[in-house]
Amino acid sequence: MKNVISSADLSRKEIEGIFASADKFKKGTAKTSLKGKIVALAFFEPSTRTYNSFDAAAKKLGAEVIGFKSDIDTSITKGESFADTIRIISSYADCVVIRHKFDGAARFATQVTQKPVINAGDGKHEHPTQSLIDLYTVKTVFGRVDGLVYGIVGDLKYGRAAHSLIYTLTKFKPKRVHMVAPKHLRVEKEALSSIGYEYDEVDDIMDVANDVDVLYVTRIQKERFADELEYEKLKGSYKVDNGVVNALKSNAIIMHPLPRVNEIDREVDKSSKARYFEQAANGVPVRMALLDSILGGKNE
Amino acid sequence: MSEDKLTISKIRDGTVIDHIAAGKGLIIPHILGMNVDSEDIFTVLVNAQSSHMGKKDIVKIQNRELKEKELNLVALIASDATINIIKNFKVTDKRKVVLPKHIEGLLKCLNSSCITNNDPEATTSFDVVSRAPLVLQCSYCSIDMNELEILNQLSGK
């Protein structure tokens, strides 16, 4: 594994290897170290969880971290191109983690640097490391990813985390996947063309609530809408509240890549089904496993 | 070919693009940059009779052999076209156009937030995900482009 740009870049075997490694990092039994390595975090778009969990993961492994959290602090503001920025920062580091507002930016970065590139979210396209965290969380709860019923809810048109989850699930054998979204926010036809598992598209969470094992909720991506009026019309289209929680099976879980706005009521946080904070915490061990795999950590 | 019976004359040297689906021949000069301002001498025969296709279009270009990039453009519009290289009134080479697996730089991605529409160094790249019907997928943002969208873009609509 060199670059992680799209969910398609990872085989099931590689994903399971990352999960096994993440388990060791979580338990503190892994002995590998990235001492002497430098990880560049090139975040051209705001981030809290992804930036900080990559930062923490690299530091826990003993690597140094360089980079930026926003293009405001870079020479982009002086007119430097994205390509030149990547050329320069990658020349100082052993790998580059990139977040950018344009779809395909990370793929393009692989053409201007020989260093490994990790896609930490490119526009509305993909967020492949998020789906690793998502499915790792599912595995820690259920002991498996296969054979479960998933309900992926929300902005399936613009949501990159949802896209990557839909693609990554093609490497597994979900029992079925319900894609729950208002008509205007349904998955683009391209994302559905390569799906090998059973799925359907529905409007209302309540239609599938008693069937799902994993309810994966996403935020409506306000920043991806060209027309703010369209966002205003759709922003309250769905909400997970205690009514939904009570309709779920007793062992079902609720996940969210975060940040949330209003799509999950705060009262749901108290439910044992709410696993989104645990999911966010899993960002560190999973990203440790990924960095270790790409940069070839050495045993201490 | 039934050109012997056609009302337009043979060319001495150049390229004849045959077996173009009827109606698409008029776009070929446009995508190859041939117009009243260019030096090219060319003929477009529309709705010619064809025993295999019923009707077909033919484009004859004098004193010019098409380059690889130009052949790829023709293949995007007319995937069944035949290229005949003519030298001294004789066909010296005859082959079908072949649509490559990847199309580099010839088309613009339809997604305005694709990196290829926002960085001057990012050249467009598409994977051919289906040949019939033709569907291309942007190698960067994964957005599809269908036959009509390709045709509209290449014909400037």
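The figures that follow rest on heavy atoms only: side chains count, while hydrogens, waters and symmetry mates do not. A note on names: the letters A, B, ... follow the listed sequences, proteins ahead of strands, and every chain is numbered from 1. As the structure is a prediction and not an experimental result, all values here were calculated from the model.
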Q | Verdict with supporting geometry, B:N111 and A:H125, side-chain contact (heavy atoms from CB on, under 4.5 Å) | A | CA-CA 11 Å; B:N111 172 13; A:H125 184 218; over 6 Å; no
Q) Roughly how far, to the nearest 0.5 Å, is CD1 of B:I115 from CZ of A:R107? A) 13.0 Å
Q.
Is there a side-chain hydrogen bond (donor to acceptor under 3.5 Å, both in side chains) between A:K124 and B:S113? Walk through the geometry before answering.
A. CA-CA 9 Å; A:K124 60 184 182 297; B:S113 62; 2.8 Å; yes
Q. Can you tell me how far OG of B:S142 sits from OH of A:Y167, rounded to the nearest 0.5 angstrom?
A. 5.5 Å
Q.
Quick check on B:D144 against chain A: is it the side chain, the backbone, both or neither that has a heavy atom closer than 4.5 Å?
A. both
Q: Calculate, to the nearest 0.5 Å, the distance between atoms NE2 and CG belonging to A:H100 and B:D119 respectively.
A: 8.0 Å
Q: Heavy-atom distances under 4.5 Å only: say whether A:E126 touches chain B with side chain, backbone, both or neither.
A: neither
Q) CD/B:E121 to CZ/A:F108 distance, rounded to the nearest 0.5 angstrom? A) 5.0 Å
Q) Does a sphere of radius 6.0 Å around NZ in A:K189 hold more than 12 heavy atoms from other residues, nucleotides or ligands, not counting ones at 6.0 Å or beyond? A) yes
Q | Contacting moiety of B:T116, where chain A heavy atoms sit under 4.5 Å | A | neither
Q) From A:T110 OG1 over to B:Y140 OH, what is the distance, rounded to the nearest 0.5 angstrom? A) 7.5 Å
(Q) What's the separation between atom CG in A:D122 and atom SG in B:C114, rounded to the nearest 0.5 Å? (A) 9.5 Å
Q) Is the count of non-hydrogen atoms from other residues, nucleotides or ligands lying under 6.0 Å from B:K96 atom NZ greater than 12? A) yes
